[in-house]
*Asks:* 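Below is the structure I would like to discuss, written out as structure tokens.
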Amino acid sequence: LFHSSLLRLQIEELLKEVTLKETKKKKIDAFLHEINGLAFISPAPPQLTDQTWLPGDVKVPFLQVPFDVKGKFRFLPPAQLSVVGSYLLGTCIKPEINVDVAVTMPREVFQDKDNLNQRYHRKRALYLAHIAHHLSKERLFGSVKFAYMNSNHLKPILLLRPQGRACPFLQQRDPCSCSPKEGAPEPQLSKGLGCFSGFLVSMLVAYLLMKRKIVRVMSGYQVLRNVLQFLATTDLSVMGISLMKDVDASLPALADFHQAFEVVFVDPSGLVNLCADMTASKYHQVQSEAKRSMEILDDRMVDGFQVLLMTPKPMLRTFDHVFHRKHVSKLQSACKKIELMDRGGNYVAAALPFIVSLLARGLAGRALLVAHSLPQTPEWPIDAEPPKHKDVGPLTFGLLFVPEFAASTLEKGPQADRPEAVEFWNFWGEKSELRRFQDGTICEAVVWEASTVCQKRLIPEQIVRHLLRLHVDIPESSICYTGALLDSVIKSGKEELGTGEEAVVSIVCSYDDLSHKLWNLEGLPLTVTAVQGVHLALRYTDVFPPIPMKPIYSFHNQIRTKRLLLPSEEKPCPAYIAPLKIICHMEGSGRWPQDKEAIKRIKTAFHLQLAELLQQQHQLICRPAVTHTDVYKDGYVFHLQVAYHQEPLILKEVVTPEGMLKYQDTEESQQLELETLHWPYLTSSLHGLQQQHPVFGSSCRLAKRWVSAQLLSDSISEECVDLLVASLFLHPAPFTPPSSPQVGFLRFLSLLVTFDWNNNPLIVNLNAGLTGEQCTEIKNKFMAARSRLPVIFIATPKDQWSSVWTRERPSAQILQRLLVLASESLRALEEQLMDPLGSQDIVFCPPLDIYDVLIHLNSKQIPRHLESVDRPVKSFSRGVVKNSAGVNVLFPVVDYDPVQCYLQELRDAFSDLALFFYDKHGGEVIVVLWKPLSFQPFKVSNMKGRMVTTVNNKLVCVPNVEAILEDFEVLGAGLVKRVEARTEKWTI
């Protein structure tokens with residue numbers, strides 16, 4: 001009850017906000033009275049084609065093709081000027097205040113047979129042109145322009161804007177007028193040809209009122225629910241509705257309307273279909289939005305008001321794949337002549353229903369929805385020619401997928417001896433072929449070529465291109481498909497076949513086998529109770545998952561006695577081999593000591609024994625150490641760490657000066673809890689999420705690649721990004737969960753920009769572990785303790801109060817920088833994807849102009865060089881081969897990245913003077929930002945990196961920048977190519 005009451009109050013407040021104030025209405029009324037008093041002069045009566053009487057400063061707002069038609073036209077003053085539509089009904093809303101004025105043309109203007117050859121439409125346009133010329137001379141108006149009503153070129157209208165900025169504009173229309181209202185503003189369904197306009201919403205409310213589905217005592221919220229419920233459950237493309245009160249046998253029946261139109265909603269006269277221009281596809285999109293809206297309104301975990309009425313739904317973030325049809329003039333060949341005549345030559349509108357039904361049939365089972373969007377035709381000056389059909393801009397289609405079936409490689413048809421087989425073959429063309437299936441049947445089938453997961457995601461693109469070429473003769477060059485334009489940034493190495501999903505599956509298989517071997521090891525004094533993987537690859541979110549590698553000995557120095565390898569100074573740095581961390585929990589027992597130092601020694605003994613037993617029983621190459629054991633298996637290195645469940649508690653023990661024993665969090669205990677509790681839980685939860693949503697991992701990897709490309713990967717934890725992306729799949733409202741990585745990434749950027757981090761915690765309900773009451777409690781406690789909490793606060797079922805992944809980072813300044821970059825990247829990327837001609841990688845190229853010093857690195861010593869966004873055409877051989885065969889190999893060099901070692905040295909030495917940023921995925925430059933406070937002259941005993949100088953006759957310390965820059969080069973000898981000082985900010 002509280003949920004809906006709050007929503008009702010919010011909607012009432014919103015209505016107050018968007019309703020016109022009385023003062024504004026009085027100004028509009030006074031203005032309308034002035035228009036009504038204007039007199040119109042009649043020119044001499046010419047032929048319809050003789051338009052010499054029109055002055056040169058006004059053009060007819062109509063495409064007169066062909067120009068010659070019969071008939072006469074004589075301008076007579078309007079029979080009536082009347083205000084109609086939303087302003088009159090009181091449903092006009094801000095910010096777009098449109099007042100509709102219907103100009104009724106006198107009957108004497110018309111002749112018999114004006115219903116033929118567009119004569120009525122041309123007379124209407126000429127009438128409007130004369131009014132436009134007349135009104136353009138009046139000082140009353142700031143501007144007089146033409147536009148198309150809902151982008152329908154047969155219905156030009158005149159836009160009159162009063163003098164002054166704060167005034168509305170008026171639209172002069174013929175008697176069949178409509179009024180924009182608060183239809184469905186967020187999914188942008190209320191604009192363009194065949195739209196679901198505010199006028200249709202008004203008529204739908206009137207229909208529901210007539211049918212008593214809505215009553216006068218209902219609140220705005222109840223009316224909204226009833227309208228959405230009706231839309232969600234009623235398909236007007238199958239069963240139309242009518243506003244007629246009584247059935248009249250002399251008028252067309254609804255069935256007659258269905259034969260002529262795709263969507264049927266008949267007006268009170270019984271003669272006009274209000275949805276005449278709407279395609280079935282557009283109505284199904286409205287239905288889909290209504291169903292989704294009802295689900296959101298019923299979900300107590302979602303802020304329905306914010307999600308439904310305040311969140312925009314642009315096509316690129318709503319649909320999984322979007323593609324554009326350029327060169328729309330070529331659509332003429334796809335139209336039947338009768339359809340073209342019906343549409344007045346508008347071949348885009350005539351071809352659209354056929355193209356949409358073609359795609360819907362081809363993608364049946366894969367796509368929930370095939371939607372289309374035409375850009376709205378802009379207004380134009382009265383002295384300019386009206387826009388042509390070819391000027392409409394690209395025709396855009398959106399595909400919303402069924403995740404389970406979208407990537408299927410097989411399209412199975414009917415059995416070969418059935419009559420439907422011929423129809424199937426005609427539809428798919430040469431792609432269809434006979435195939436024998438395992439059950440013995442021989443059927444027509446289409447098999448799409450795709451070997452990797454990323455290629456399978458693009459099977460819908462193959463289908464779209466094939467069907468449009470086969471049935472509409474649209475060449476592939478005319479289709480811009482933006483389904484996976486960002487995938488290139490998460491492809492690694494020279495063989496850019498896949499985006500790493502296959503590599504992850506291989507790692508998971510190897511890990512499963514190793515954990516099975518650990519479970520069954522014989523000879524351990526205590527049994528293994530759990531094996532938990534914590535590496536990013538095991539939750540599918542590692543940007544570049546490790547690939548199996550075997551070292552080439554000639555690139556290394558060998559230590560024969562220890563069977564180890566070291567990188568050779570003469571050769572390029574070896575390729576980076578990431579250790580895959582695994583936590584191995586041993587059973588609890590009274591034999592475990594209760595002293596923390598003794599526990600560490602016991603764990604070291606376990607590491608030694610695990611290495612020995614894995615070597616003896618499974619012939620695995622192991623390298624034990626004090627804190628872990630490294631295991632080389634299938635070309636991967638697993639980093640095995642033993643855990644004892646009581647150890648975090650023992651580390652919390654503190655003895656007070658009075659000799660009392662108490663428990664409190666220490667840095668050591670928190671780190672151990674992170675490694676043995678939080679990491680395994682997060683990894684298993686996100687592993688499960690990947691099984692439900694196959695593009696979760698790739699969306700995460702794109703998000704992390706972007707964060708790293710902006711040089712901020714050290715400033716925000718990978719787990720934080722994982723959880724931000726997970727929230728988009730667990731709480732996708734108002735959208736559906738993403739089914740393509742690109743959409744996941746766009747929504748990630750949008751989440752960063754639009755979420756109110758200062759006033760709200762981000763609750764990520766992993767495994768549905770939180771109830772509504774718990775979520776409310778988290779929000780209340782968050783507001784009470786806001787000042788003490790991190791700038792990004794993420795709550796999960798196992799971490800409701802501490803936000804462990806954001807406790808240390810990011811800082812407020814880094815978050816602000818991240819939001820600015822996300823906002824700019826989102827804007828640039830959406831612009832590019834809607835007009836995909838250039839490279840989309842530009843958002844992965846960081847702006848470097850704000851940094852003070854650039855340290856350029858020698859690419860020979862960058863082990864992850866091939867992971868960079870601008871991937872080098874040629875790279876160095878890195879001393880490893882991608883081959884896991886061979887048992888008796890020397891242990892490779894693990895976790896060795898000279899750039900990270902150098903970065904750590906820089907931060908240790910100069911962290912009080914500067915901040916250092918780097919793209920860990922193959923970046924060729926480390927950027928430095930001086931800390932402004934370090935350059936304030938001050939007296940100090942610590943002289944590190946500073947020199948003494950005189951300011952205002954006083955001796956003070958200032959940073960010795962020249963010496964520091966020299967130190968940068970000395971510290972990075974062999975790795976640093978050159979140091980470039982960019983600014984003079986350090987002048988005192």
*Asks:* Indicate whether the side chain of Y636 and that of S506 have a donor and an acceptor atom separated by less than 3.5 Å.
*Replies:*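 Present: a donor and an acceptor within the cut-off.
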*Asks:* For E905, does the CD atom have more than 12 heavy-atom neighbours from other residues, nucleotides or ligands under 6.0 Å away?
*Replies:*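 Above 12, so yes.
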*Asks:* So Y632 and F638, side chain to side chain contact (heavy atoms under 4.5 Å, CB included) or not? Walk me through it.
*Replies:* CA-CA 6 Å; Y632 184 67; F638 291 94; over 6 Å; no
*Asks:* Should R907 and D714 count as an ion pair when the cut-off is N to O under 4.0 Å?
*Replies:* yes
*Asks:* Test your reading of the model: is there a side-chain donor-acceptor pair from D895 to the backbone of P579, 3.5 Å cut-off?
*Replies:*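 No, because the side chain of D895 does not come within donor-acceptor range (under 3.5 Å) of the backbone of P579.
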*Asks:* Please report whether the ring centroid of F968 lies less than 6.0 Å from that of F916.
*Replies:* yes
*Asks:* Is a salt bridge present between D919 and R705, judged by a nitrogen-to-oxygen distance below 4.0 Å?
*Replies:*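 Yes, D919 and R705 are salt-bridged.
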*Asks:* I need the I814 CD1 to L915 CG distance, nearest 0.5 Å.
*Replies:*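 It comes to 7.0 Å.
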*Asks:* With no hydrogens and no angle check, is any side-chain donor or acceptor of S803 less than 3.5 Å from a backbone partner on I794?
*Replies:* yes
*Asks:* If you measure from CD1 on I621 to CG on L614, what distance do you get to the nearest 0.5 Å?
*Replies:*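 That separation rounds to 12.0 Å.
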*Asks:* Using a 3.5 Å distance criterion without hydrogens, assess whether the side chain of T806 forms a donor-acceptor pair with backbone atoms of R809.
*Replies:* no
*Asks:* Is it the case that E668 and T666 place a side-chain donor and acceptor less than 3.5 Å from each other?
*Replies:*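 No.
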*Asks:* For R701 and V543, indicate whether the former's side chain and the latter's backbone hold a donor-acceptor pair under 3.5 Å.
*Replies:* yes
*Asks:* Compute whether any side-chain donor of one residue and acceptor of the other, for D799 and T796, lie under 3.5 angstrom apart.
*Replies:*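 The criterion, which ignores hydrogens and geometry beyond distance, is not satisfied for T796 and D799.
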*Asks:* Decide, yes or no, whether a salt bridge links E719 with R539 under the criterion of side-chain N to carboxylate O below 4.0 Å.
*Replies:*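 Looking at R539 together with E719, the answer is yes, because their closest N to O distance falls below 4.0 Å.
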*Asks:* Mind running side chain to side chain contact (heavy atoms under 4.5 Å, CB included) on I792 and L762 for me, showing each step along the way?
*Replies:* CA-CA 8 Å; I792 290 181; L762 182 72; 5.9 Å; no
*Asks:* Taking 4.0 angstrom as the limit, do R807 and E667 come out as a salt bridge?
*Replies:*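 Not counted as a salt bridge, because no side-chain N and carboxylate O are separated by less than 4.0 Å.
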*Asks:* With distance as the sole test, does H585 use its side chain to make a donor-acceptor pair with the main-chain N or O of H645 at under 3.5 Å?
*Replies:* no
*Asks:* May I ask you to say whether K931 pairs ionically with D912, meaning some side-chain N is under 4.0 Å from a carboxylate O?
*Replies:* no
*Asks:* Which residue is it: Q641, H628, E647? I am looking for the one with a side chain to side chain donor-acceptor pair (under 3.5 Å) to K603.
*Replies:* E647
*Asks:* Under the 3.5 angstrom rule, does the side chain of S669 hit a backbone N or O of D665 as a donor-acceptor pair?
*Replies:*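 Flag not set: sc S669 to bb D665 has no pair under 3.5 Å.
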*Asks:* Return yes if a side-chain donor-acceptor contact under 3.5 Å exists between D722 and T541, otherwise no.
*Replies:*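 There is such a pair (donor and acceptor under 3.5 Å, judged by atom type) between the side chains of D722 and T541.
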*Asks:* Got a salt bridge between K652 and E673, using NZ or NE/NH1/NH2 to carboxylate O under 4.0 Å?
*Replies:*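 Looking at K652 and E673, the cut-off is met.
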*Asks:* Strictly by modelled atom types, are Q900 and K920 linked by a side-chain donor-acceptor pair under 3.5 Å?
*Replies:*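 No, because no side-chain N or O of Q900 sits under 3.5 Å from a partner of the opposite role on K920.
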*Asks:* Which value, rounded to the nearest 0.5 Å, describes the distance between Y681 atom OH and K798 atom NZ?
*Replies:*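 It comes to 5.5 Å.
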*Asks:* Quick one about S698 and E501 (side-chain donor to acceptor, distance below 3.5 Å, no hydrogens or angles considered), yes or no?
*Replies:*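 The criterion, which ignores hydrogens and geometry beyond distance, is satisfied for S698 and E501.
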*Asks:* Do the side chain of S823 and the main chain of V820 share a donor and acceptor less than 3.5 angstrom apart?
*Replies:* no
*Asks:* Do W757 side-chain atoms and L752 backbone N/O form a donor-acceptor pair below 3.5 Å?
*Replies:* yes
*Asks:* Looking just at side-chain N and O atoms, do H856 and E980 make a donor-acceptor pair shorter than 3.5 Å?
*Replies:* yes
*Asks:* Do Q671 and E675 get their side chains close enough for a donor-acceptor pair, meaning under 3.5 Å?
*Replies:*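 A donor-acceptor contact under 3.5 Å links the two side chains.
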*Asks:* Is it the case that more than 12 heavy atoms not belonging to Q646 sit under 6.0 Å from its CD atom?
*Replies:* yes
*Asks:* Output the distance between atom SG (C700) and atom CD (Q690), rounded to the nearest 0.5 Å.
*Replies:*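 One gets 9.0 Å once the value is rounded to the nearest 0.5 Å.
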*Asks:* Quick test of your reading of the model: are E718 and K704 salt-bridged, counting only N-O distances below 4.0 Å?
*Replies:*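 Salt bridge between E718 and K704, a charged N being under 4.0 Å from a carboxylate O: yes.
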*Asks:* How close do V631 and L640 get, heavy atom to heavy atom, and via which atoms?
*Replies:* CG2-CD2, 4.4 Å
*Asks:* Stepwise, does the ring pair (Phe, Tyr, Trp, His ring centres under 6.0 Å) test hold for F745 with F844?
*Replies:* CA-CA 12 Å; F745 175 58; F844 291 87; 5.7 Å; yes
